[in-house]
Protein chains: 2
Amino acid sequence: MNLKELADALGLSQTTVSRALNGYPEVSEGTRARVLNAARSFNYRPSTGARNLATGRSMAMRHIVPLSARHDMMNVIFSEFMSGTGEVYAEHGYDMIVSFVPKDKELQAYRDAVARGSVDGFMIHGPTRDDPRLPLLAELGVPFVVHGRSTGYNVPYAWLDVNNRRAIERATTYLIGLGHRRIGLVNGPEHMDFALRRREGYLTALASAGITADDALMTAGDLTEPQGYNAAQRMLGLSNPPTAFVASAILPTLGIRRAVEGRKLEVGRDISVICYDDKVSTLPNGDTAEPMFTAARSSVRDAGRRCAEILIDCINNPHLPLRQELWEAELILGGSTAVAKKEPTR
Amino acid sequence: MNLKELADALGLSQTTVSRALNGYPEVSEGTRARVLNAARSFNYRPSTGARNLATGRSMAMRHIVPLSARHDMMNVIFSEFMSGTGEVYAEHGYDMIVSFVPKDKELQAYRDAVARGSVDGFMIHGPTRDDPRLPLLAELGVPFVVHGRSTGYNVPYAWLDVNNRRAIERATTYLIGLGHRRIGLVNGPEHMDFALRRREGYLTALASAGITADDALMTAGDLTEPQGYNAAQRMLGLSNPPTAFVASAILPTLGIRRAVEGRKLEVGRDISVICYDDKVSTLPNGDTAEPMFTAARSSVRDAGRRCAEILIDCINNPHLPLRQELWEAELILGGSTAVAKKEPTR
DNA sequence: CAAGGTCCTCAAAGCGCTTTGGGAAACAAC
DNA sequence: GTTGTTTCCCAAAGCGCTTTGAGGACCTTG
């Protein structure tokens, strides 16, 4: 059933039917109702292809994911974030297109999508320092929103970020307040902007307390459980081991706990741990009354929802100033932190 | 840059340029090369909307996800599976469209997508017993592939499933072989087909060994860490507690371990645990030499890849018989299982 | 040289929608 | 009765591609 057939069945012109369906005022309420009824009973939907062609809009947002990101922390966070964006897209009639492309074809994929006119906007995940996608998108002149920011790219663009620096600074400062002086950092991949900022926050807190940073207590990697385990194993084996850890995600935190318990120590008594928790509901810490881990928390799903709103807003109001939002993470007390038991020997 | 402009720039007709680009044989190799070169240098891409309209194909596969599935085990598994499908789609020039819809609008979403001609095929996730989507899709006459199967729907359809029943039967039988007689089952939501089959496997193994199933040792739920924790807490508190667990995913398994350790017991010594592990790389058990948990394993990403291939095959060869593949899970020995220490008192 | 094949190319007709630029009918005002 | 104003509706022109049906140019062959 296409528009022509529907119009014929109603004894109206295509124009009138189209206008009736799209809410234009030049149609009497009587005929509009008649048209809507008929459309419903025939289960008519306008062809997306034809509509794209006629309007020049695709009603689709594209998320381009380089395949190399598969094994990053991306998996879980991605799906949370994307389901947030997807909900909002759907509410506004947009489709979400997800493209997985080899890393070396990533930039071309943006060009292609624009050239094909198959997209109204892009959502950018996991920006790095000096992210090459941002200048490209600016050049292409297509709406986009970044989840995060890119240090080094200083032209204004729309973004939503969590104050990673402040969150980790507060977390670290809290540990210092509990008497910890040797604090291990288990960070995400430091080409990622969020990880860089977290590291800065960690260093700032140490510096403010007059503690010298120690390279042996800092590590960066993939934010998996084994990463946390391996890092904690190594650090706890030092002659001058840490009494606390700041971890960049819940999975390495579980690994840290495994390493701690493997040494017959206990998290929250012998060793303190704070993690940055992306609030993913299927993981521990989800809904218990007293959280297992003290954590800096923020909701990735909410961030996804808001990013989608911003993107839609960019499209609808292209001339408004670009939105930039910095969210603060909450610092939530849980059972994994305690006053330092003993000063490590100097 | 559109086809007309490209043709004008080359001094050729649109027909010839279109044919050259799409590999038709009626074009001399000389002009084809000329056309391809020009297209590349102008960064020309055919408009997807126009092409859809002209060909009647959308070059897109759609994954419709009901919002209620958000908090199921779906999150992590979904993203693994989808990245598998996405890779293959991309290799074959298909886009992946992901729609999140409220549960009560789910079926209508399939109808809509078909009516709009916005999709060439559907991928069906997480089938339930008597899944209403399958008869609908058959009625709509559009290609689809199911990841899993639906007990109760007996018309042939394309599917790929893991032999969940056999995997859990083998796991349970293995525990029985180690001398365990009281074995707890922490299963997924039992309206889901995969969970039903796993339960059957568990019951079959018990029955074969002449062990009477005990309702107090069976639980079904969301496959989160707290689910495992709560279930294990309850069962370990029974007067006649289990000495082993079979869990349906890695997250509840972590919860079980937490409960076990909370009682000053140890997994792999006092209590044995086998889990069904969907092989998600960011979780524990990912890459260590000796796996932490004994597990039945299969790769969701590979399943995604294969499902996508099957779907594309359905589209390209609509008259071939529908493909149905049953994969066996591997049973991998890890450190979480041991001979039962003592018979529970009868 | 005419007839019959090959190659290569093209004009034009859609695909199903939106949107422009009117225009008929009904009504009100003079 | 004529002239404006509304109100409602329509024919037709695209949007950018693919594909049909033909035809010109160039070889072969007899």
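Residue numbers start from 1 in every chain, and the chains themselves are labelled A, B, ... in the order their sequence lines are given, proteins ahead of strands.
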Using 4.0 Å as the upper bound for N to carboxylate O, is an ion pair formed by D193(B) and R129(B)? no

When you get a sec, tell me which of dA11(C), dC9(D), dC15(C) is the closest nucleotide to the side chain of L53(B)? dC15(C)

Going 5' to 3' through nucleotides 17-24 of chain C, assign each nucleotide B (protein heavy atom under 4.0 Å from a base atom), S (under 4.0 Å only from sugar-phosphate atoms) or - (no protein heavy atom that close). BBBBB---

Please give, in whole Å, the distance from dC10(C) C1' to L10(B) CG? 15 Å

To 10°, what angle do the rotation axes through the five end pairs on each side of the helix from dC1(C)-dG30(D) to dC30(C)-dG1(D) form? 60°

In whole angstrom, what separates F42(B)'s CZ from dG16(D)'s C1'? 17 Å

Whether R111(A) and E106(A) form a salt bridge (side-chain N of Lys/Arg under 4.0 Å from carboxylate O of Asp/Glu) is what I want to check. no

Quick check: do M61(A) and T85(A) have side-chain heavy atoms less than 4.5 Å from each other? no

Compute the centroid of each ring, for H63(A) and then for Y89(A), and state whether the two points are separated by less than 6.0 Å. yes

Side chains of H147(B) and R306(B), heavy atoms from C-beta outward: is any pair under 4.5 Å? no

How many Å lie between CG on L21(B) and P on dT19(D), as a whole number? 13 Å

Separation of R116(B) atom CZ from dC15(C) atom P, in whole Å? 20 Å

Carboxylate-amine/guanidinium contact D95(B) R62(A), below 4.0 Å: yes

Pairwise side-chain contact, V146(B) with F122(B), heavy-atom cut-off 4.5 Å (strictly under): no

Where does the angle between the aromatic ring planes of H125(B) and F81(B) fall among parallel (under 30°), tilted (30 to 60°) and perpendicular (over 60°)? perpendicular

